[in-house]
Amino acid sequence: MTYDRLTIWLHWLTAGLVLVLWALAQIIDFWPPASFGRVAVRSTHILLGLVLVAILLARLIWRLHGGRQLPPAQTGLLGLAARLTHWALYGLLTLALAAGIANVWVRGDSFFGLFRLVSFAPGDRAMRQLIGSLHEVPTNLILIVAGLHAAAALFHHFIKRDGVLRRMLPG
Ligand code: HEM
Ligand code: HEM
C-alpha cells in the first residue's frame with residue numbers, strides 16, 4: 001500500500017522547495033547590498049516561500065479530507081518516534097513559513113524592483129533582528145529533523161529492505 005499520488009507529489013514538492021529556499025537564503029549575501037542580483041534572489045526566495053505556504057495548506061487540507069493515511073510502518077517506540085518526527089516537521093514548517101511572512105512584512109523589501117512590500121515597523125532594527133531569528137531558527141531545525149527523517153527512510157530502504165520508502169514513491 002502506498003500514499004496517493006497527490007500526497008506523494010505534495011511531499012516531494014515540499015522537500016524540494018525547502019532545500020531550494022534554504023540554498024537561496026545562503027547566497028543572498030553574495031551580491032552587494034541594494035544590487036539588483038540581491039533583490040532578485042531575495043524576491044525569488046519570497047515568491048517560492050509563498051508557493052510553499054500554498055503547498056503546505058493544500059497538504060494539510062488534503063490530509064484531513066480525502067488523502068490516504070497509512071498506519072505507522074512500525075509499532076512500539078520506533079513507530080511513535082516516526083509519528084513525532086512527522087508532526088515536528090509539520091509544526092516547524094508552519095512556524096518557519098509564518099515567521100517568513102512576518103519577516104517580509106517587518107523588512108519592507110523591494111520585490112524584483114517592481115514595488116516595495118509594506119513594512120509594519122520601518123526603522124525598528126531590534127524588531128527586524130528578532131523576527132529574522134524567529135524565521136532562521138525553525139528553518140535550520142527543519143533541515144536537521146528532515147535529515148534524520150531522510151536517513152531513517154534510507155535505512156529502511158537499504159538496510160532493512162522493507163517497503164517504507166516505496167510508500168512515498170510514485171508508481
Ligand atoms: C521552509 C521554508 C523556508 C526556508 C528553509 C527559509 C530559509 C531562510 C534562511 C536560512 C534565511 C536567512 C536568515 C538570515 O540569515 O537572517 C531566510 C531569510 C529570509 N526569508 Fe526565508 N525561508 C523559508 C520560507 C520563507 C517564506 C515563506 C518567506 C516569506 C514569504 C521567507 C522570507 C524570507 C526573507 C524576507 C528573508 C530575509 C532575506 C535577507 O536577509 O535578505 N522565507 N530564509
Ligand atoms: C525537507 C524535507 C522533508 C520534509 C519536510 C518531509 C516531511 C514529511 C512528512 C511531514 C511526512 C508525514 C506524511 C504524513 O503522514 O502526512 C513524511 C513522510 C515520509 N517521508 Fe518525508 N520529508 C522530507 C524529506 C524526505 C526525504 C529526503 C525522504 C527520503 C529519503 C523522505 C521520505 C519519507 C517517507 C518514506 C515517508 C512516509 C513514512 C511512513 O509512511 O511512515 N522524506 N515526510
Side-chain angles (χ1 to χ4, degrees), residues 3-67 69 81-153 168:
Y3 288 93
D4 58 279
R5 284 178 72 83
L6 183 57
T7 297
I8 293 173
W9 271 103
L10 292 172
H11 173 267
W12 292 111
L13 276 173
T14 303
L17 276 173
V18 165
L19 289 183
V20 169
L21 281 162
W22 192 83
L24 281 173
Q26 306 309 312
I27 62 168
I28 290 175
D29 291 347
F30 287 6
W31 283 267
S35 63
F36 182 71
R38 191 160 171 147
V39 171
V41 176
R42 187 191 294 117
S43 301
T44 308
H45 180 87
I46 293 172
L47 190 63
L48 291 180
L50 292 176
V51 172
L52 184 54
V53 171
I55 288 174
L56 181 65
L57 282 176
R59 171 66 192 125
L60 293 176
I61 292 170
W62 181 236
R63 198 179 198 282
L64 292 173
H65 302 284
Q69 294 193 30
R83 265 173 192 255
L84 288 177
T85 306
H86 295 165
W87 284 112
L89 285 169
Y90 282 128
L92 287 168
L93 278 170
T94 306
L95 279 179
L97 297 182
I101 291 170
N103 207 10
V104 170
W105 197 8
V106 76
R107 294 168 53 94
D109 288 314
S110 158
F111 190 68
F112 289 108
L114 298 173
F115 54 87
R116 200 158 263 288
L117 299 155
V118 183
S119 168
F120 71 78
D124 188 342
R125 290 191 70 82
M127 171 78 86
R128 195 169 147 153
Q129 270 187 349
L130 173 71
I131 294 188
S133 312
L134 285 179
H135 180 51
E136 198 182 357
V137 170
T139 59
N140 288 335
L141 284 176
I142 289 174
L143 283 203
I144 296 170
V145 178
L148 293 171
H149 162 78
M168 201 43 106

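Side-chain contact between V41 and I27 is present, with heavy atoms from C-beta onward closer than 4.5 Å.
Applying the 6.0 Å contact sphere to CZ of R5 captures no more than 12 heavy atoms from other residues, nucleotides or ligands. In this structure, W9 places its CH2 atom where only 12 or fewer heavy-atom neighbours from other residues, nucleotides or ligands lie under 6.0 Å away. Dense packing is recorded around CH2 of W31, with more than 12 heavy atoms of other residues, nucleotides or ligands lying under 6.0 Å away.
Using modelled atom types, one side-chain atom of R116 and one backbone atom of G108 make a donor-acceptor pair closer than 3.5 Å.
Smallest separation of non-hydrogen atoms from P138 and S133: CD-O, 4.2 Å. The two residues R42 and R107 make their nearest non-hydrogen contact at NE-NH2, 3.1 Å. Taking all atoms of both residues into account, the shortest heavy-atom contact from F111 to I46 is CE1-CG2, 4.3 Å. Of all heavy-atom pairs between A96 and T139, the closest is CB-CG2, 3.8 Å. The shortest non-hydrogen separation linking S110 to L114 is OG-N, 4.5 Å. Annotation for P32 and S35: closest pair O-OG, 2.7 Å, computed over non-hydrogen atoms.
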- Apply side-chain contact (heavy atoms from CB on, under 4.5 Å) to the pair V106 and N103, showing each step before the final yes or no. CA-CA 5 Å; V106 76; N103 207 10; 4.1 Å; yes
- Task: Go through the steps for T7 and R59 under the test side-chain contact (heavy atoms from CB on, under 4.5 Å), then give the verdict.
- Result: CA-CA 7 Å; T7 297; R59 171 66 192 125; 3.5 Å; yes
- Message: Between V39 and D109, does the side-chain contact (heavy atoms from CB on, under 4.5 Å) criterion hold? Intermediate values first, please.
- Response: CA-CA 8 Å; V39 171; D109 288 314; over 6 Å; no
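Taken to the nearest 0.5 Å, the CZ atom of R38 stands 11.5 Å off from the CZ atom of F30. Here Q129 contributes atom CD and E136 contributes atom CD; the two are 11.0 Å apart, rounded to the nearest 0.5 Å. Rounded to the nearest 0.5 Å, atoms NE2 (H135) and CG (L130) are 13.5 Å apart. We find the CG-OG1 distance between L89 and T94 to be 10.5 Å, quoted to the nearest 0.5 Å.
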For residues 13-24, tabulate all N or O donor-acceptor pairs below 3.5 Å that involve a side-chain atom, not counting sequence neighbours.
residue: T14; atom: OG1; partner: L10; partner atom: O; Å: 2.6
residue: W22; atom: NE1; partner: N140; partner atom: OD1; Å: 3.1

